[in-house]
Colleague: 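Below: one structure in structure tokens.
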Protein chains: 2
Amino acid sequence: MNAEKVLDVAMTAYWQSDPADVSVNAICQLAGISKPSLYREFGSEDGLSRAVLDRYAEQVLSELFLILHRGTGLRGTLDALIDFASDDPRMETGCLFYKMRAGKHRLGQETLARVEEIDATGQAAYVAFLKAARDAGEWADGLSVEAGAKYLGEQIALAITQRASGEDPGRIREMLTLALSVFTRR
Amino acid sequence: MNAEKVLDVAMTAYWQSDPADVSVNAICQLAGISKPSLYREFGSEDGLSRAVLDRYAEQVLSELFLILHRGTGLRGTLDALIDFASDDPRMETGCLFYKMRAGKHRLGQETLARVEEIDATGQAAYVAFLKAARDAGEWADGLSVEAGAKYLGEQIALAITQRASGEDPGRIREMLTLALSVFTRR
DNA sequence: GGCATAAAATACCAACCAGTAACAAAATGA
DNA sequence: TCATTTTGTTACTGGTTGGTATTTTATGCC
């Protein structure tokens with residue numbers, strides 16, 4: 001029955017539209033398998049979406065973390081983030097993680113817990129990045145590192161979410177650049 | 001049967017949780033009326049949510065437009081917007097309009113059309129506000145007025161949406177202030 | 001071949017959805 | 001006082017949801 005293929009199909013479907021708008025039935029149909037097969041493999045809808053999220057995290061979100069840990073300085077990293085959010089073709093229909101986070105209340109407990117875990121990991125990565133920048137003397141705003149990290153994360157999320165709603169990428173880049181310019185002004 | 005009361009009940013329910021998560025059945029039960037009564041009055045679920053949105057626009061969104069048209073200068077208006085988005089108790093569970101806009105694809109055609117109309121009106125109001133500020137010499141960024149208006153609107157929407165997800169209002173104010181500081185730096 | 005075992009699919013469940021047909025009660029008008 | 005129209009209710013339709021009990025099919029194994 002090939003669990004990997006099912007995960008791929010489900011990830012694509014969830015990602016392309018929205019987890020809340022794709023039923024278990026639809027996924028079975030798309031993957032060409034029967035419902036009991038799916039339930040034997042993943043236990044429940046929650047189990048499936050959790051597995052999908054795991055896969056998404058290691059296949060896609062890892063790239064975002066990579067940018068943050070690359071250590072190319074404040075400006076270099078911010079530019080890479082802007083490029084990723086506003087032009088990377090993989091984000092053309094938005095980010096599955098952000099879609100899940102936006103519809104938190106509709107998720108099962110397993111998936112919800114994983115979303116919050118990933119969210120915390122992301123926040124920590126942003127914090128580490130900003131701390132390094134501050135220690136290097138590249139950034140010295142009055143803002144706390146935690147607030148700056150949250151701000152940065154939310155601006156990225158906003159930009160990618162706008163990608164999903166068909167906004168012009170040039171416009172998105174313009175707005176994100178503006179939003180992140182608060183980190184580099186002196 | 002009192003259509004006003006039904007609209008109030010529906011508006012509160014949609015607003016408190018999310019339009020997509022409140023069924024017609026639930027509204028009938030909350031309002032203490034039967035389903036056929038509701039359908040005779042509003043025609044369809046789309047008709048109801050459209051009527052609710054109309055009511056919301058004139059009761060709540062009007063206040064936002066009022067702030068924008070008050071003409072208290074760039075700084076004064078931005079401060080008023082920040083106050084409204086991050087501390088007004090009415091926005092504690094988010095904004096019904098933004099919730100509808102975020103779930104566009106789930107709306108009926110009438111409601112969708114109204115959402116887009118309101119969106120355009122809002123954009124126009126932000127544009128007028130920024131134009132006035134620029135003419136008064138209070139703002140002279142390299143940004144186009146349209147891009148600035150979109151940016152401003154999205155930042156307000158982001159802040160209010162974060163209110164709905166239980167984020168700390170102080171933190172929200174901090175982030176929104178930071179985001180809007182791009183308009184007042186020299 | 002014959003048979004146990006595991007994997008799959010068919011067909012079903014109860015709960016909910018938006019929407020309506022049929023009917024009873026009450027208000028209105030002549 | 002009686003016909004008409006409006007208002008509201010009960011009870012239903014057809015469809016979809018997540019989840020399963022049951023039956024069929026395929027796979028070893030002897």
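By convention in this document, chain letters (A, B, ...) are assigned in the order of the sequence lines, proteins followed by strands, and residues within each chain are numbered from 1.
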Colleague: Under 3.5 Å, side chain of A/Asp46 to main-chain N/O of A/Thr111, donor-acceptor pair present?
Modeller: yes
Colleague: Could you tell me the separation between the CD atom of B/Glu41 and the C1' atom of D/dT6, rounded to a whole number of Å?
Modeller: 13 Å
Colleague: Between A/Asn25 and D/dT16, does any side-chain N or O lie under 4.0 Å from OP1 or OP2?
Modeller: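 No, outside the criterion.
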Colleague: Do other residues, nucleotides or ligands put more than 12 heavy atoms under 6.0 Å from A/Gln29 CD?
Modeller: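 Count not over threshold, so no.
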Colleague: Take the protein atom NZ of A/Lys35 and the nucleotide atom P of D/dA21, then report the distance between them rounded to whole Å.
Modeller: 13 Å
Colleague: Could you tell me if the side chain of B/Lys104 sits less than 4.5 Å from the side chain of B/Leu112, heavy atoms only?
Modeller: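 Yes; the side chains approach each other to less than 4.5 Å.
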Colleague: Between C/dT20, D/dG18, C/dG19, which nucleotide gets closest to the side-chain atoms of B/Pro36?
Modeller: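 Of the candidates, C/dT20 comes closest.
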Colleague: Quick check on D/dG8: is either OP1 or OP2 less than 4.0 Å from any side-chain nitrogen or oxygen of B/Ser34?
Modeller: no
Colleague: Please classify the nucleic acid contact of A/Ser37 as base, sugar-phosphate, or nothing, using heavy-atom distances under 4.0 Å.
Modeller: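 Sugar-phosphate contact only.
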Colleague: Rounded to whole Å, how long is the line connecting atom CG of A/Asn2 with atom P of C/dA8?
Modeller: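 Computing the A/Asn2:CG to C/dA8:P distance gives 10 Å.
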Colleague: Between the main-chain N or O of B/Gly94 and the side-chain N or O of B/Lys99, is there a donor-acceptor pair closer than 3.5 Å?
Modeller: no
Colleague: Please confirm whether any donor atom in the side chain of A/Arg40 sits under 3.5 Å from an acceptor in the base of C/dA8, or the reverse.
Modeller: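 Result: at least one qualifying N/O pair found.
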Colleague: Can you tell me how far C1' of D/dG18 sits from CG of A/Asp46, to the nearest Å?
Modeller: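 So the CG-C1' distance, A/Asp46 to D/dG18, works out to 12 Å.
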